[in-house]
Amino acid sequence: LRAFAVLTQVTVVANYLLGVLFAFTAGSRVYVYFATYCFIFSLLWAIVAFSGWVLVGVYREAVGRAYGEEFLNGPSRPGRGLLWGCLVALTNRSAGDGAEVDNSYYHDEEDDMIDDELRALYEGRGGYTNA
């Protein structure tokens, strides 16, 4: 998946670089605006390709930590593909059977007090007036 995503974007970069080549070699005239356009967008697509490579790597690392490396290496039984793996991941996540994520930073006593106060304000029990 990672290589395919980046390969498609590198193909776009190559297309824009061919546009730069065309702008300089098509006839006796140099198409400066077209060459500039192609060069700028080839740089932008190269940045997008690199960002995609990094983001997919970070995503794979997170999935590997959450569900284990064997989940990333494909199904253990033949005939089960990516959709099956996604279904299993979503089912485990919603059922709580998968690896539990540490959410201890959400359960702070001070945050609970703030949540209770905001809930009271929302329900009209806050004792505050709108001035």
Side-chain angles (χ1 to χ4, degrees):
L1 178 66
R2 183 179 192 183
F4 177 73
V6 173
L7 182 67
T8 58
Q9 293 167 346
V10 167
T11 304
V12 174
V13 171
N15 187 33
Y16 277 115
L17 290 176
L18 284 174
V20 171
L21 181 68
F22 174 80
F24 283 105
T25 59
S28 61
R29 189 173 160 189
V30 175
Y31 298 99
V32 177
Y33 293 119
F34 183 67
T36 304
Y37 159 77
C38 288
F39 182 74
I40 288 172
F41 277 92
S42 67
L43 287 178
L44 290 175
W45 275 101
I47 291 169
V48 167
F50 179 73
S51 300
W53 180 266
V54 170
L55 286 175
V56 171
V58 168
Y59 173 75
R60 286 182 56 86
E61 183 179 320
V63 169
R65 276 196 316 263
Y67 298 107
E69 291 296 324
E70 65 276 357
F71 187 78
L72 290 175
N73 296 331
S76 58
R77 296 185 207 162
R80 301 217 174 156
L82 182 63
L83 289 177
W84 178 257
C86 290
L87 180 64
V88 168
L90 289 174
T91 304
N92 287 344
R93 194 63 140 168
S94 64
D97 294 338
E100 292 297 322
V101 178
D102 182 22
N103 291 335
S104 60
Y105 54 90
Y106 287 123
H107 301 295
D108 189 12
E109 190 173 312
E110 182 180 330
D111 289 341
D112 289 342
M113 289 174 38
I114 292 172
D115 290 343
D116 292 340
E117 183 178 342
L118 289 173
R119 190 174 297 111
L121 284 172
Y122 178 74
E123 293 171 353
R125 298 182 287 117
Y128 298 102
T129 60
N130 292 336

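As the structure is a prediction and not an experimental result, all values here were calculated from the model.
The minimum heavy-atom distance linking Cys38 with Tyr16 is given by the pair CB-O, 3.3 Å. When all heavy atoms are compared, the tightest approach of Ala49 to Val6 is O-CG2, 3.8 Å. Here the closest non-hydrogen pair linking Ala46 and Val13 is N-CG2, 3.4 Å. Taking every heavy atom of both residues into account, Phe24 and Ala35 meet most closely at CE1-CB, 3.9 Å. Here the shortest heavy-atom pairing between Val56 and Arg2 reads CG1-CB, 3.6 Å.
If you run ring-ring contact (aromatic ring centres under 6.0 Å, His included) between Phe41 and each of Phe39, Trp45, Tyr37, only Tyr37 comes through.
By the rule that hydrophobic residues join a cluster once side-chain heavy atoms approach within less than 4.5 Å of another member, Val20 and Leu18 end up as members of separate clusters. Linking Ile, Leu, Val, Met, Phe, Trp and Tyr residues whenever their side-chain heavy atoms come within less than 4.5 Å places Phe34 and Val12 in a single cluster. Two different hydrophobic clusters hold Leu17 and Ile47 under the rule that ILVMFWY side chains link at heavy-atom gaps under 4.5 Å.
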